[in-house]
Amino acid sequence: MAIPSLRVSIGLAVGVVAAVVLAVVLLSGPPDPVATSVRIPVADDVTLDATLWIPDGVGPESPASAVLVAHGFGGSRDSVADDARALAARGHVVLAWSARGFGGSGGRIGLNDPDAEIADVSVLVDWLAERPEVVADGPGDPRVGMTGASYGGGATLLAGAADDRIDALVPISAWHSLADSLSPNAAGTTTGVLKQQWVSLLFATGSTPGGLGGLLGPAATAPPDAAAGPGGPLDAVAGACGPFDPRLCAAYAASAEAGRLTDEAEDLLRRADLVDRLADVTAPTLVVHARGDTLFPLSESVANATGIAATGTPVALRWLPGGHDLGSAEGNTARVRTLVGDWLDRWLDDQPVDTGPVFASVARSPGADRTADELVPVAVTDTLAASADGRLVTTGDAQSGERSWITPPGGVPAALTSLPGGGALGELLPPTDLPGQHVAFQTEPLTTDLEVLGAPTLALDLDTSGDEVVLFAKLLDVAPDGSVTLPQQAVAPVRLGDLPASATIALPTLDHTFAAGHRVRLVLAATDQAYANPRATAVTTATVGAGATLAVPTVAGPVPDGTALALALAAVAGLVVLGTVLVLVARRRRTTHEVAVDPGQPAVVVSGLRKTYASGFVAVDGIDLEVGTGQVFGLLGPNGAGKTTTLRMLLGLVAPTAGEVRLLGHRVSFGHPVLRHVGALVEGPGFAPYRSGRDNLLDWWRAGSRPLAEAHLDRALEVAALGDAVDRPVGEYSHGMRQRLAIAQAMLGDPPLLVLDEPTDGLDPGQIRGMRDLLSGLATEGRTVLVSSHLLAEVEQVCTHAAVLVSGRVVAAGPVAELAGATRSVEVRAVDEAGAEAVLVDLLGRPRVQRQGSGLVADLDGRPSEEVVAALVAAGVGLQSVTPRRRLEDAFLQLVEAGR
Amino acid sequence: MRTELWRQLARRRTQFAWLGTALVPVIIVVILVLNGGGDGDGNGNGDPTGLFSLATASGLNFALVAVAAMSGFLLPVVVALFAGDSVSSDAGWGSLRYLLARPVGRSRLLGRKLAVAVLLGLVAVAIVPLVGAVAGTIAWGWGAVQTPFGTLPVGTAVPRLVAITAYVAWSTAWVAALALWLSTVTDAPVGAVASTIVIVIVVQILDAITALGDIRRWLPVHESTAWVALLDTPARTDELARGVLLQVPWVVVFLALAFWWFRRKDVLS
């Protein structure tokens, strides 16, 4: 699907390039390690089937460290081939073998019997010590690590305890106690509750190859015949023992029939316990476990890690998403290979690999991992109590009472909580508890996130109408919409005799956050489909109240989640508040700065005004001007003389480099309030083209936050004389129309001072005349007008005063009459130019007559022009024209010439 | 303030920018429906969050995808347009000098321009999930949101979507501040807007260069996808907090530059 985003395109491009590079690297990379099939005799009657992987470049000359890779239950050397190849690709010699009773190996399954399977590992270490490709730590002691998952994980820890020649261990999904895992009891040491579904599944897959094989578990598992019945495991007794040790086979059959682990079975399983062996593990160990492991629960990994760490052996603990068959959770294959590879590189080859923190619980979504530098990073414990009214409350609020539930006849129907061997499927199951067969205690919706890390414990008194109590305790997460999830599919089965009794139940070890708004629900149920449920009908009663406490271990983080966001938002809010305060202060200051116009002061006083632009160009070079109230003042000058820059400084648009401007008695700065009393037109009109003329004027007026009544809009629109066009967008206006609108804008509010830059630009002659009348009228009203123009005739006709600006300096200033000189002159053209000149010289005197271009200029020296015309006509010089000279223009041209 | 708002609302630029913003989700919906909503590109390189393959799960899902799709580039462009055009368009028309000589205080004028640009930008950002939700619901119905991490019921998803939209909006704050500054520097609106967009692209490219190491962590776009954490259950907020704070220095610096520059600038337009 095409998302029109450049980022995506860039991402795609980068991805394509990366893929090409990767392909090239892979294609030109080292060849695959060489796999050799070997057979290794381990006992008189047992020979193991094994594969030896030797990486490219490794040989007797350049030996490498070795890794033993053990397979899972039902697998073989082939089911771990991918994992072995990956380790060999990292430069290790890898030996993968089929354990007794699996694959092509002989012997019978002894469930990691220390005298059989585990002793075999030592033989394999001996065998590796003979290999010249393997680095030796000493005679008969190769540099070797070991890893394996599930059955192979148990083997890894057992072998690590039994043989101290193994230098690094990575047990994955391993048990701590096989007996307690298969028959757990969360409250005491009596025989637990048989994990019926898992046990059946294991027995079936042990009998049929291709089961829980790989390092990361199976790709697929045939659905087990879950319930123990005539069609299932009992058939195994009748001769389908398969490769199992016959004693195990018999013990299994007896246990399945009894619905609990028999003493014989427990003794056999205890042979593979790690409980008392961990002190013997001296190799650095990385314990990897899935949070949702329902076969060997998460607590097994904690027991293993802390047990090994107790003797000072380096240990790290990693929790990953998913169930017992780790590989079925997305992303775990890569995660596990990296974890295993890094750990072995670090501890076998002493490579400077960062193997990460002591504890890490890897989240399903990236970036949310929980890490710590201690194995069980729990600091705080919340204590709640189960109340008789079904609430889970603080101990002070709990009501005392009793709650009862029924164990149904035959133990069916049973609660459904998990799907052994079903991998991620299990997580999709909503847990179901049956009415009457359970009691529940629930908190109010949580006000903050509750991050549980560790095993909560429940203490309460129990009694029953039967012989013993079997119950299943669990914590559920209830979402605001009522949907219920069972974190990690974890259930704590309990079996208690000697009733009534006070029980302390260790609930499943969790890494789960109950989000704010969710509820925590504690459930005690009579049955669970995954277990061998009690068959006898009974009523179980729990005494609840302040004494029935649930202690919940929670995470001690440096900053609780959410606080950082709250702080960030608070910081941003603080900035916004600060900004608002500054704005309010500024507004307050502005309103107090409202100025009054002082009519006694000259309208404009400019003194020593200079402007040097950043480029070094001196636009205005120290000018002084004074415009008295009621004057119409002309500012004259050729293009580039500095007129517009001066006006911009007047209006607070450009900052003077030196000097100052006073308008109506106030020194002008950027946006000075006195500017409200100044109407301006600078360098042409400026309007939003899509707004109508009227809207533009209104927008501009409103921007000054003044009442509309003060604007005298109608009078201004009269000046603009736009007719109906005033409501058309300005973009459609002609230049002249815009000019008139701009003048109207300057007139809004009847300002006492008008600053108009080239006001007649674009106007037709009639409008120019109107403009003249307007300006004169304003002056008679006592307003002051400052006009800049290069049309000298205009200025001469309308202005009372003027200043001439040349190259940024005032070269002349004063009343127009003075500037133009006291007398008038005329330009004379005649056919007989010499004759005319003679007549004029005769009449006015030589110095007052000059030839200029094609004519004569005569200074009349106060005489009326008709006298001169009469003299010329009388002389008969063939007079063509006598025109009055523009006096200001003359003066202007002279001044400009002189000023340059 | 109200005057400035009406001036901007009356502009074709504003109306077309909003219309364009609203049309994109609709166009995507139409394309997806015509394609049968079938085999998207899944978790390809163009879909780092894995969201796009879930676009057709529900109307809310699509709203989320629309926000995700447009947060990277299109929304910053729209925000750059509103903010970059704010001062420079008046400069270009020549009306800026009249406003300043009205007089309107320079900080006050810039503050108004900023406030209105922010408001217009917020509307543009809000349009995306709203139109996305409506168009998506018409196409695929109303319902819970499927995320790569699981399912969010409607009651949870709606506030999350609001939070995500708010975060996406805040993530463009630096763009607005930068564009406002550039808008005070140049008298050509196109110059301010185009420069901002170019800078946004350059910063995004820099953020994609892993060789830059820790420097990238301080780029204003580095946490721009941190809102993904809001899809998780429970929502995670640590990166989000960093993303919120990360904007602050950039916004402060660019706004300070804008105000400092505009307060002392010679207005020659």
Side-chain angles (χ1 to χ4, degrees), chain A residues 1-8 10-12 14-16 364-365 367-368 449 479-481 483 513 515-516 561-562 564-565 567-569 571-572 575 583 586-587 590 648 651-655 670-673 675-676 678 680 682-691 699-700 702-704 745, chain B residues 3 7 10-12 24 28 31-32 35 40-41 44-46 48 52 55 69-70 72-74 93-108 111 148-149 153 155-156 201 204-205 208 229 232-242 244-245 248 252 263-264 266-268:
Chain A
M1 128 187 179
I3 300 297
S5 153
L6 185 69
R7 195 170 211 197
V8 171
I10 292 169
L12 276 172
V14 170
V16 169
R364 202 172 278 273
S365 53
D449 289 357
D481 65 358
S483 63
T513 300
D561 204 21
L565 180 63
L567 285 176
L569 292 176
V572 172
L575 280 173
V583 166
R587 176 169 298 188
R590 183 181 52 81
R648 281 179 183 274
L651 295 170
L653 298 173
V654 169
F670 281 1
H672 192 281
L675 292 169
R676 184 163 73 74
V678 180
V682 209
E683 255 185 304
F687 296 109
Y690 62 95
R691 300 282 274 167
D699 289 347
W700 181 80
R702 285 182 184 130
Q745 176 175 289
Chain B
T3 313
R7 282 184 75 202
R11 286 185 71 176
R12 283 282 155 79
V24 173
I28 299 175
I31 292 172
L32 284 180
N35 278 353
D41 62 355
N45 276 314
F52 295 113
M70 296 179 71
F73 189 66
L74 219 86
W93 296 326
S95 45
L96 179 63
R97 56 177 178 268
Y98 293 108
L99 280 174
L100 293 178
R102 172 72 185 90
V104 181
R106 295 197 171 194
S107 297
R108 197 147 169 264
F149 314 127
T156 314
I201 293 171
Q204 286 180 348
I205 290 173
D232 207 351
T233 304
R236 288 176 285 113
T237 52
D238 282 348
E239 282 172 48
L240 223 55
R242 192 171 184 279
V244 169
L245 279 182
V248 173
V252 168
R263 281 175 62 92
R264 62 188 293 280
D266 285 337
V267 174
L268 299 172

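Letters A, B, ... mirror the listed sequences (proteins, then strands); counts begin at 1.
When every heavy atom of B/Pro103 is checked against every heavy atom of A/Pro673, the shortest pair comes out as CG-CA, 4.1 Å. Shortest non-hydrogen contact noted between A/Ser483 and A/Asp481 is OG-OD1, 2.8 Å. Contact detail for A/Gly686 and B/Ser95: the closest heavy-atom pair is O-CB, 3.3 Å.
Between chain B and the residues A/Leu653, A/Val678, A/Asp699, the largest count of heavy-atom pairs under 4.5 Å involves A/Leu653. No other option in A/Ala655, A/Ala571, A/Gly652 has as many heavy-atom pairs under 4.5 Å with chain B as A/Ala655. Interface summary for chain A: among B/Thr3, B/Thr156, B/Leu96, the most heavy-atom pairs under 4.5 angstrom belong to B/Thr3.
When heavy atoms are compared at a cutoff of 4.5 Å, B/Arg106 approaches chain A solely by way of its side chain, counted from C-beta outward. In this structure, chain B has heavy atoms under 4.5 Å from both the backbone and the side chain of A/Leu651. Interface residue B/Arg264: only backbone heavy atoms are found under 4.5 Å from chain A. With a threshold of 4.5 angstrom between heavy atoms, B/Leu268 approaches chain A through its backbone and through its side chain. Contact annotation for A/Phe687: only backbone heavy atoms (N, CA, C, O) come within less than 4.5 Å of a heavy atom of chain B.
Centroid-to-centroid, the aromatic rings of B/Tyr98 and B/Trp93 stay 6.0 Å apart or farther.
Salt-bridge check for A/Arg648 with A/Glu683: passed, with a basic side-chain N closer than 4.0 Å to an acidic carboxylate O.
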side-chain contact (heavy atoms from CB on, under 4.5 Å) between B/Arg102 and A/Trp700, intermediate numbers included | CA-CA 7 Å; B/Arg102 172 72 185 90; A/Trp700 181 80; 3.4 Å; yes
